[in-house]
Asker: 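My structure is below; once you've seen it, I'll send some questions.
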Amino acid sequence: MAVPVCLVLAAPAAAQQQPVAAPAHTIDGPTSGLASPASLGLSVARDGTGGLVYLKQAGGGTHVFVSRLAGGSFQPPVQVDAGLAGPSSQPVIGAGNGGLLLVGFVNAGVLYAAEQPPGRGALGGPAALASGAANPAISISNAGKAYLTFTVADGTGTDVRAAYFWQNKWALEPSALNAFAGDNAGSGAGRPAVVAAGDGVGIVAWGEVGGIYTRRVWGTSPSVAVERADGPLPGCTELSADEPAVGAGGDSSYVQVAFHEQLSCAGQTSSRVLMNRLRGSAYDGLTQPDGLSGPSTDGADDPRIAMGEYGGGLVTSQRTLTHALVGAELNDNGSLGATSQLDTAPGTSPPWGVPAMAGLYSHLVAWQQDPGSTGTPEIRLRYAPGRDPLGPEVVLSSPVQGPAAAGQGSAAAGDTYGDAAVVWVQGPAGAEQIMSAQLYQPPGGFAVPARRRYVRTSRPTLTWPAPREPWGPVHFALSLDGVVVIQTDATSAQPPTPIGDGPHSYQLTATNPAGQQSQSGVGSLFVDTTPPVAGLTLSGVKEIKRRIQARLAYGDLPPSGQPSTYASGVASVTLRWGDGTVSQIKRGMTRVAHSYARPGDYAVTITVTDKAGNITRATVKLKVKKPKPKPKPKPGKPGPHHGLRQGGGARS
Amino acid sequence: MRRLVPALGLGLALLLSSAGAAGAQPPQGIATPPTLGALYRDGQTNRYLLGGTWLYRADPTDAGLAQGWWQSADTTGWGAVSVPNAFNAGDFSAPSMSGSVGWYRRDFLVPSGAFAPYVGLGDRRWIVRFESANYRATVWLNGRRLGGHTGASLPFEFDLGRPGSGVNRLVVRVDDRRSPSDLPPGPGGGWWNFGGLLREVYLRPVQRADISRLAIVPVLPCIHCAATITERAVIRNLSSRAQVLTLRGRYGPVALDFGTVRLAPGATWQPSAAATLPHPRLWSLDHPVLYRATLTLADRQGHQLGGYVSYSGVRSIAVTSDGRLRLNGRPLSLRGFDVHEQSVATGAALSPSQLGWMVDQVRQAGGKVIRSHYPLNPQILEMADRDGILIWSEVPVYQVADQYLDQPGWLANAHGFLEQSILTNQNHPSIMLWSVANELSTPASRQEANYVAGAAALARQLDPTRPVGMATSGWPGVPCQTAYAPLDVIGHNEYFGWFDAGGGANDDRDQLGPFLDTLRACYPHQALMVSEFGFDGNRHGPVEERGTYEFQSNTAAYHLAAFASKPWLSGAIWWTLQDFAARPGWGGGNPRPDPPFVEKGLLDLSGNGKPAWSVVSRVYHRTRQTGSG
């Protein structure tokens, strides 16, 4: 019987560590054309491919642009909605392995989806999915299944709908997901949220008449069960709930739903972020990830969830009065862990925190730290490698680009190896930029052959495997005998100058764009440019069926003046007798015999090969004859042996 | 003293044992003779079932040894039980799983009439056979230690010598605390650790010599060929004087003459004989023809010293170079069930009716293969023989950590277990392969590769007529494993859409089909089977919700359809036939679990069919499990 193999069999990526951030760089701008807000969306698949979507003015209207993340670099942005009249809005993006990108947006009340299939293909043109649509949200699973949820006007309000993507096809769910058909669902702050669990089940959460509802969707089949997540805290009366956020890992059985809720507690209105874990099709009960307890003048809103494969991750919310950023750790299966304030310095504006996963367990949160009049707003980050707690604050933005403007847009995402990207809007009004900071894990380990390699050239070509680095390119430094002799982006190289005979060691150092390095093991190389020596003499009666003995002399010598250890040594010795017979000469053997069956001229050749493949041959020619007829014995004087033979002959 | 080798173990025990009568008088009604007859058909003739009333005494502080519980005739503190017995049946606490010590005692009278009148009193010996004790057993007769044995699921024997004519007191201490190097590893483990005498106990009278073992090897060179029947027996001279022994046998219509030998005192004779069966009726899934094989051991005067009966089948089971498992030359696409010998009420001690019910359920569902993590109860094997059901016979080398796989002591134990499993059960035509392990590390380590190679070689040496297999784990992204090269049949335990493996690589069931194709590409010349697949069902609810009956049914149908699309797949086995106890706190991927029970069964704990039962059964019955040649 199997057990949960995540515990005993899974072999996730190597342990992750605090990443190193490459200097932030500009994806677009400075420009006066970024929409306000720019509605940044960022998605990174497990394999490190992904894309950024945002809104920008073009041709007199607001349009959707996408910058692909390929080979570790954000590519020049391209417009997705070219050809569509009128402005576009509410872009969303989902990334799947292999470069799959799905982009959704609304144009003239129509929900469009564009696809870039896996591989090197270009982003396709947008296809209309639904009319009267708004509020799209998208999520894509590790297997490449996507759910796009949205609202559709139904005359009296809106319904929550969903579309399912699998194997290059979109399909609409057959019916609205609303809890009640006549309700105004998913509108305003109740806009739907969706997550695609690893098992291919989508979970949609939305606001409906002041409540938060969820429903699973499996392919194009909405669940028969609709669950309500919100409710009053003890001693309070619930006023309304909205801003749903939803998170799931590989198993759709465990779903965390966070939301904002207005409560009346002892006559005082309270703004809180609450959470409820959906286990199966029933909620466990309300939890409080916002860190508030008891009566407080402060409130909380803007709930966000990042949940990894096994349910670990982070839930964030921001305080409405102090603008503190608060996080609650999620443990296995999404169970709620410790809650703490994530930012250390007081802020004068909302932090707009964005949590993200960067691996099966690693996660991060980025936010804007606004010191008010004492400084410039900047983007900060904390990162939790593996199952470790969040590390120290790191500033990602540079003041050179001006004040960060996360309120105009910010997003974060990561791959499964621990790499992550954070994007945000920065710069003064009219000269804003979309900035990106990429956080790198060191290149993966890589090995050179453990066995010594013998070569017979002084400038051998050395090859090595590329280490894992989804966000390359990787730069290699080849060290020979402890000295760097060449630097290259390739995975093979020749030493620039000849190297002498004898043993050498070599090692590769791989460096990624963030300057992080990993080293290969030490390889062993033996150069032998000097051929072995070979000698051959033959003795014996050169007649058929007579033993002819070969005396062999062979060896492998070092270059003149060098010690014997600078020769690689004899690897093999063969002796070809010229009649098709080949004697394999064992080490140390200096004599070998052979007899020929037929007379003729033969060339006997000794071939000596050293371990580096140098070959030396020596040949001796030989003429083999028939024996001369023996003289007949004289009558009457048989010799003793002849007598015996004759006797034997008589018996026959 | 451990007894992994029942027959050989008797030798030393014989020299040690000549126990006298017990001194104390047991309570009235306790001491009864065993009853003639055995629950299993195969084995020595003239067996006596040592059923009736046994006594049991728990020893939670392990004080019994120090206090000499084996030597006291006092019954204070002992309670009546029947055997088979699991002393912690119904106790699903953590201490129960961890194991403890329990003592069994059976006061018995030697049955009269067990020996022919011509057998001298000095030649009237008895052998006791325990079919299974979990995990370490120590045995005394009338206060005299006979020996010990380690490991469950296989029988072991001791020579009782000449018990007294009065009351004899057989005492067994059973300790089911297991260590990580035990088989299966403990403490804990993958299924509930039921301790006790889990299968029957037999007595058999023996005279001067005993047929300890019979191996029947039918070889079918081709489907329409004559079969060659080779039999090997192990005969031991139990007496203190040399004897002239004659062994003869029959295999259905043909006779086998093993010859006559003069056997020295205490010596062992291993005669073999062969015969040709010109037009054998083949054992197959549809027509499981059995031949009755008998042995008769006689002395110089023609007096019968012992007999042996076995039911054998003539068939070929092999993997051909196209990577298909074939029975009598016909490719198999088996469907069946993994089982655990367990019930909520009686633990792992099952009665004949419980065992019969289990096999009956397999048959009713259209199952044609049964697998377990350990050698199955002989009654199941005999029913499978009769019903045309194949058995994936496995040893409990279950998720063993790499660090043990190359330890000499562990290897000796594992190889010994495998050897005994083969020697004990090889006469059953239902057994289709010997499986050497379940779910070792993935990817395979160096230690695993060495173990697999060694175990496979051992199995082939002992039984060249059957394939060697192993149940493995894997997921997309795991490269082809050279460690599996020694295997004829690779079982894959697949839980796509249920258990998470490889960081989510098999989260989505739609990845199953492509994954199976990659497996086939890796191992084109070995037979592939899905040795496990299964999903919990313990409540009604939405179809997409894991653990609901609806999910179980839907997912079962999906996986079975995926298997049906792979014509090269030699079989698939549902995990499990019935719900069973795993371990305390078991969740097992079900968001609404019912620890400690695994609820992947198609039958619930009470034996009621879940909705998925009809889904799986329908597909199984529809599946053509034996193809055309």
Asker: Which bit of N97(A) comes within less than 4.5 Å of chain B, counting heavy atoms only: side chain, backbone, both or neither?
Answerer: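 Interface part for N97(A): neither.
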
Asker: Between E309(A) and G504(B), what is the shortest heavy-atom contact and its length?
Answerer: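 Minimum heavy-atom separation between E309(A) and G504(B): OE2-CA, 3.2 Å.
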
Asker: Determine the minimum heavy-atom distance between D507(B) and G250(A), stating which atoms define it.
Answerer: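 Between these two residues, the closest heavy atoms are OD2-CA, 3.2 Å.
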
Asker: Would you mind checking which part of V478(B) comes under 4.5 Å of any heavy atom in chain A, side chain (CB onward), backbone (N, CA, C, O), both or neither?
Answerer: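 Neither part.
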
Asker: Might you point out which heavy atoms bring E544(B) and S223(A) nearest each other, and give the distance in Å?
Answerer: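 Closest heavy-atom pair between E544(B) and S223(A): OE2-OG, 2.5 Å.
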
Asker: Give, for atom CH2 of W218(A) and atom CD of E545(B), the distance between the pair rounded to the nearest 0.5 Å.
Answerer: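 Rounded to the nearest 0.5 Å, the CH2-CD separation comes to 11.5 Å.
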
Asker: Decide side-chain contact (heavy atoms from CB on, under 4.5 Å) for D510(B) and K145(A); before the verdict, give the C-alpha distance in whole Å, the side-chain angles of both, and the deciding distance to 0.1 Å.
Answerer: CA-CA 10 Å; D510(B) 281 329; K145(A) 292 179 175 175; 2.4 Å; yes

Asker: Picking from P476(B), G497(B), P591(B), which has the most non-hydrogen pairs under 4.5 angstrom with chain A?
Answerer: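 The residue among P476(B), G497(B), P591(B) with the greatest pair count is P591(B).
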
Asker: So do D251(A) and F499(B) actually touch side chain to side chain, heavy atoms under 4.5 Å?
Answerer: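 A side-chain contact is absent here, since even the closest heavy-atom pair is not under 4.5 Å.
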
Asker: How many angstroms lie between CG in N142(A) and CD in Q511(B), if you round to the nearest 0.5 Å?
Answerer: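 These two atoms lie 7.0 Å from each other.
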
Asker: Whether the side chain of R592(B) engages the backbone of A282(A) through a donor-acceptor N/O pair (distance < 3.5 Å, no angle test) should be reported.
Answerer: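 Checked: pair present.
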
